[in-house]
J.: 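To start, I am sharing the structure in question, which I have written as structure tokens.
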Amino acid sequence: MRNNNGKRLPVAYKILIIFGIITIMFTSAFLLKDTVVFGSYRIFLRKIGNFIINDKQRHEQSDGRTVESDNFDSIDNDIPFRVQRPSWLPEGYELEYADYTKHDNDNYIIEYEYRNDESDYIKFSINTENMSTHKNNFTAEPDEIDIGEIRVLYVAEDEYSFIEYNNRQGHRIGINANSMFTKEDIVKIIESME
């Protein structure tokens with residue numbers, strides 16, 4: 001290795017550079033150890049943030065107000081309506097995070113995710129803007145299930161499940177998971193939304 005003047009770098013500098021690269025590689029591997037094939041950019045960023053500030057609650061300002069937490073306390077205290085969440089999920093899933101963004105027009109986007117020990121996830125997204133579900137939101141032709149007054153669109157393929165419906169309040173709810181749900185599972189989850 002040579003510096004800008006064409007002179008050789010001392011061995012100590014070479015060792016320091018190599019040590020720095022190895023440290024970065026091991027730190028990245030540690031932070032990414034729970035992600036599925038390093039595929040979750042959001043979890044990677046959250047782990048870095050938690051690692052640096054050692055706190056799972058983050059407040060930031062953007063075009064809306066975003067609050068992220070490892071429980072529903074902030075959401076329950078800040079949002080003027082009860083956020084629906086499932087009382088039934090397949091065994092072994094625990095809440096990983098819950099966050100929301102409030103936009104200037106008093107609409108909210110609420111997201112929360114559950115994970116199990118095998119890094120399987122079920123992510124819920126609630127949009128309070130008056131939007132209807134439609135088949136164009138899916139990459140494949142969705143099936144339909146009627147659960148009481150609710151029409152549910154879903155696709156389960158390639159070990160993934162995508163579900164979308166409007167609840168009784170008119171909020172659009174999207175659910176995606178990296179495992180395939182049976183129709184019975186979908187019905188149980190949606191019926192358990194409280």
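Because the structure is predicted, anything quoted here is derived from the model rather than measured.
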J.: Rounded to the nearest 0.5 Å, what's the gap from CD1 on I186 to CG on L153? Could you check?
T.: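 Output value for this atom pair is 10.5 Å.
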
J.: Rounded to the nearest 0.5 Å, what separates atom OG in S192 from atom CG in L89?
T.: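 Answer for the OG-CG pair, S192 versus L89, is 6.5 Å.
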
J.: For residues F72 and L95, determine if any side-chain heavy atom of one lies less than 4.5 Å from a side-chain heavy atom of the other.
T.: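 Yes, their side chains come closer than 4.5 Å.
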
J.: According to side chain to side chain donor-acceptor pair (under 3.5 Å), who are the partners of E149, at least two apart in sequence or on a separate chain?
T.: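 None.
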
J.: Is the distance between the ring centroids of H171 and Y108 less than 6.0 Å?
T.: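 Here the rings of Y108 and H171 have centres that are no less than 6.0 Å from each other.
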
J.: Using side chain to side chain donor-acceptor pair (under 3.5 Å) as the criterion, list what pairs up with Q169, not counting sequence neighbours.
T.: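 With sequence neighbours excluded, Q169 shows a side chain to side chain donor-acceptor pair (under 3.5 Å) to N167, given in chain and number order.
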
J.: So which atom in P90 and which in I189 form the shortest heavy-atom distance, rounded to 0.1 Å?
T.: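 So the two residues come closest at CD-CD1, 4.5 Å.
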
J.: Please name all residues satisfying salt bridge (charged side-chain N to carboxylate O under 4.0 Å, His left out) with D117, sequence neighbours left out, ordered by chain then number.
T.: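 Residues passing salt bridge (charged side-chain N to carboxylate O under 4.0 Å, His left out) with D117: none at all.
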
J.: Can you tell me how far the CG atom of D73 sits from the CG atom of D76, to the nearest 0.5 Å?
T.: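 The distance works out to 6.5 Å.
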
J.: Between Y97 and Y112, is the ring centre distance below 6.0 Å?
T.: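 No, ring centres 6.0 Å or more apart.
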
J.: Using 0.5 Å steps for rounding, measure from the OG atom of S119 to the CD atom of E96.
T.: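 S119 OG to E96 CD: 9.0 Å, rounded to 0.5 Å.
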
J.: Please examine the side chains of E164 and I173, heavy atoms only from C-beta on, and report whether any two atoms are closer than 4.5 Å.
T.: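 No, too far: nothing below the 4.5 Å cut-off.
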
J.: Just jot down the side-chain contact (heavy atoms from CB on, under 4.5 Å) partners of I150, sequence neighbours excluded, or say none.
T.: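 So I150 forms a side-chain contact (heavy atoms from CB on, under 4.5 Å) with V152, Y165, R168.
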
J.: Taking salt bridge (charged side-chain N to carboxylate O under 4.0 Å, His left out) as the test, write out the residues that go with D158, two or more places apart.
T.: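 By the salt bridge (charged side-chain N to carboxylate O under 4.0 Å, His left out) rule, D158 matches no residue at all.
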
J.: Rounded to the nearest 0.5 Å, how far apart are CD of E111 and OG1 of T101?
T.: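 Reported value, rounded in 0.5 Å steps: 7.5 Å.
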
J.: Report yes if some heavy atom in the side chain of P86 is under 4.5 Å from a heavy atom in the side chain of Y114; otherwise report no.
T.: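 P86 reaches Y114 side chain to side chain.
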
J.: Looking at Y100 and I110, what are the two nearest heavy atoms and their distance?
T.: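 Minimum heavy-atom contact is CB-CG1, 3.9 Å.
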
J.: Check Y154 against E144 and note the closest heavy-atom contact, atom names and distance.
T.: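 Reported closest heavy-atom pair: CE2-N, 4.4 Å.
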
J.: Could you work out, with ring-ring contact (aromatic ring centres under 6.0 Å, His included) as the rule, every residue matching Y93, not counting sequence neighbours?
T.: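 Checked Y93 against ring-ring contact (aromatic ring centres under 6.0 Å, His included); zero matches.
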
J.: Can you name the nearest heavy-atom pair linking I126 to Q84, along with the distance?
T.: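 For I126 and Q84, the tightest heavy-atom pair comes out as CD1-O, 3.6 Å.
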
J.: At what distance, to the nearest 0.5 angstrom, does CD of E118 lie from CG of N178?
T.: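 That separation rounds to 10.5 Å.
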
J.: Go through N176 and I163 one step at a time and tell me if the side-chain contact (heavy atoms from CB on, under 4.5 Å) criterion holds.
T.: CA-CA 6 Å; N176 69 64; I163 303 162; over 6 Å; no

J.: Whether the side chain of S161 engages the backbone of F181 through a donor-acceptor N/O pair (distance < 3.5 Å, no angle test) should be reported.
T.: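 Side chain of S161 to backbone of F181, a donor-acceptor pair under 3.5 Å: yes, one is there.
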
J.: Apply side chain to side chain donor-acceptor pair (under 3.5 Å) to D146 and list each qualifying residue two or more places apart in sequence or on a separate chain.
T.: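 In terms of side chain to side chain donor-acceptor pair (under 3.5 Å), with neighbours along the sequence ignored, D146 is linked to R151.
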
J.: For a quick test of reading the model, state the closest non-hydrogen atom pair linking I109 to S125 and the distance between them.
T.: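 Smallest interatomic distance, heavy atoms only, reads CG2-OG, 4.5 Å.
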
J.: Applying side-chain contact (heavy atoms from CB on, under 4.5 Å), run through I175 and K123 and close with a yes or a no.
T.: CA-CA 6 Å; I175 305 169; K123 181 177 181 178; over 6 Å; no

J.: Same cluster or not: M180 versus V155, using hydrophobic residues (I, L, V, M, F, W, Y) connected whenever any side-chain heavy atoms lie under 4.5 Å apart?
T.: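 Each belongs to a different hydrophobic cluster.
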
